[in-house]
Amino acid sequence: MPEQKRIAFFEKYLSLWVALCIAAGILIGNLAGDAMQVVSSWEIYQVNIPIAILIWMMIYPMMLQIDFTSIKKIGRRPKGIVLTVIMNWLVKPFTMAFFAWIFFTKIFAAFIDPSMAGEYIAGAIILGAAPCTAMVFVWSYLTDGDPNYTLMQVSVNDLIILFAFVPIVGLLLGITDVVVPYETLILSILIYVVIPLVAGILTSKLLISSRGREWFTGEFLPKFKPVSVIALLLTLVLLFAFQGENILNNPFIIVLIAVPLIIQTYFIFFVTWFSGKKLNLQHQVCAPAAMIGASNFFELSVAVAIGLFGLQSPAALVCVVGVLVEVPVMLSLVNYANRKKY
């Protein structure tokens, strides 16, 4: 009987750690008082320096894992790549915008100030326009996905992010009547995607050429594995320290934000899952494609939302709530994919 695959202890309970960091952040924010305002004022061109450092620490280790030379193999089995591209760039951002609009301006209109609804929608749009690039490797592993094909899917998405993220976010924010500071949006992509991507490629090439691929993948990369999650958790502590007063004054908003995000996640997963089966994709390609579509690149989303709207903005809060709900929802979809394995 094959060994049952399990998620690592730390990643399995990521939602718990996130919840604890949220609680710690709110507590620190209330105890520290004006001191947190001083930290939030450490900015360069509207970019908070401590947050920027932590977010860069989240993204850089992920970029070390990307091998864009694998893209040359796409032509052998293109259908899974095509499905991933269509769902992530032609469907997902627009359905996220729709769900956010209908919930924040219609269904929850009695609970959300109309003047704030636009920023909640903007946060959801930013979250929905950034497909997952890191945790999807965990979801692929747990659903017996093809690791090499998953790498190709992620690599293609990372390339597309460089060119499509800014115009899609700008288009959808424009539709929702939110003023788009394109300079900040483009600067966020440069800081949080282009620079760590180039750094990751140069680092991997240098170390592989000097020490070998086996050492790089077997010894070097595992040492960086905790860095992203630890940086994420520290970022959440700071974010919720800045957001603490707003949350304590209206904790119900967390539940309201979570509803459309959860619906979007399940919707995209099942559309991708059944589309993949219709295309006769093998399970090991279809399952990761559905996982990539359902999950988000929340590190980039948090960074962009902070850059565009500020540390204490409703938009940033939406992206942070996205982190909170994603792990338990994705684990439920892993269980579904394994039960329906074909």
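Residue indices begin at 1 and follow the sequence shown. All values below come from the heavy atoms of this structure, side chains included, with hydrogens, waters and symmetry mates left out.
- By the neighbour-count criterion of 12 heavy atoms within 6.0 Å, atom CD of Q282 is sparsely surrounded, having that number or fewer from other residues, nucleotides or ligands.
- Taking the side chain as every heavy atom from C-beta outward, P314 and F309 never approach each other to under 4.5 Å.
- S209 OG to F216 CZ: the interatomic distance, rounded to the nearest 0.5 Å, is 10.5 Å.
- Annotation: salt bridge (Lys or Arg N to Asp or Glu O under 4.0 Å) contacts involving residues 145-154, sequence neighbours excluded, comprise R77-D146.
- Taking both residues in full, the closest heavy atoms of I125 and A97 are given as CG1-CB, 3.9 Å, listed atom of the first, atom of the second, then distance.
- Counting only heavy atoms from C-beta outward, the side chains of Y342 and K277 approach each other to under 4.5 Å.
- A single hydrophobic cluster is seen to contain both L90 and L279, as judged by linkage of ILVMFWY side chains at heavy-atom distances under 4.5 Å, directly or through other members.
- When side chains are defined from C-beta on, S140 does not count as touching M291, because their heavy atoms never get closer than 4.5 Å.
- Applying the side chain to side chain contact (heavy atoms under 4.5 Å, CB included) rule to V82 yields the partners I86; only residues at least two apart in sequence or on another chain are considered.
- L333 contributes atom CG, which lies 11.0 Å from atom CG of N338 (distance to the nearest 0.5 angstrom).
- Note: F108 CZ to I102 CD1 = 11.0 Å, rounded to the nearest 0.5 Å.
- Classified by interplanar angle (parallel below 30°, tilted 30° to 60°, perpendicular above 60°), the ring pair W101/F98 is tilted.
- Within the structure, salt bridge (Lys or Arg N to Asp or Glu O under 4.0 Å) pairs that include any residue of residues 332-342 comprise D144-K341 (at least two apart or interchain).
- Using a 4.5 Å heavy-atom threshold, the side chains of Y60 and V227 count as separate.
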Under 3.5 Å, which donor-acceptor pairs link side chains of residues 251-273 to any protein atom two or more places apart or in another chain?
| unit_1 | atom_1 | unit_2 | atom_2 | d |
| --- | --- | --- | --- | --- |
| Q264 | OE1 | T95 | OG1 | 3.0 |
| Q264 | OE1 | M96 | N | 3.3 |
| Q264 | NE2 | K92 | O | 3.2 |
| Q264 | NE2 | T95 | OG1 | 3.3 |
| T265 | OG1 | L261 | O | 2.9 |
| Y266 | OH | S332 | OG | 2.8 |
| T272 | OG1 | I268 | O | 2.7 |

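- For the atom pair OG1 (T217) and CG (L207), the distance works out to 11.5 Å, reported to the nearest 0.5 Å.
- Shown here for P93 and L172, the closest heavy-atom pair between the two residues is O-CD1, 3.5 Å.
- Here N157 contributes atom CG and W89 contributes atom CH2; the two are 6.0 Å apart, rounded to the nearest 0.5 Å.
- Scanning for side chain to side chain contact (heavy atoms under 4.5 Å, CB included) contacts around K278 gives an empty result, with sequence neighbours left out.
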Is there a side chain to side chain contact (heavy atoms under 4.5 Å, CB included) between M152 and V156? Walk through the geometry before answering. CA-CA 6 Å; M152 287 193 288; V156 169; 5.5 Å; no

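- Contact detail for S301 and L127: the closest heavy-atom pair is OG-CA, 3.4 Å.
- Here the side chains of T143 and Y336 are not in contact, with every heavy-atom distance at 4.5 Å or above.
- F111 CZ: 12 or fewer foreign heavy atoms inside a 6.0 Å radius.
- Residue F165 comes nearest to A130 through the heavy atom pair CE1-CB, 3.8 Å, listed as atom of the first residue, atom of the second, then distance.
- Residues passing the ring-ring contact (aromatic ring centres under 6.0 Å, His included) test with F94: none are found, sequence neighbours excluded.
- Heavy atoms only, all atoms of each residue included: P288 and Q153 are closest at CB-OE1, 3.8 Å.
- In this structure, the side chain of Y149 engages the main chain of I81 through a donor-acceptor pair within 3.5 Å.
- Scanning both residues, P50 and L238, for their nearest heavy atoms gives CB-CD1, 4.1 Å.
- Atom SG of C319 sits about 12.0 Å away from atom CZ of F297, to the nearest 0.5 Å.
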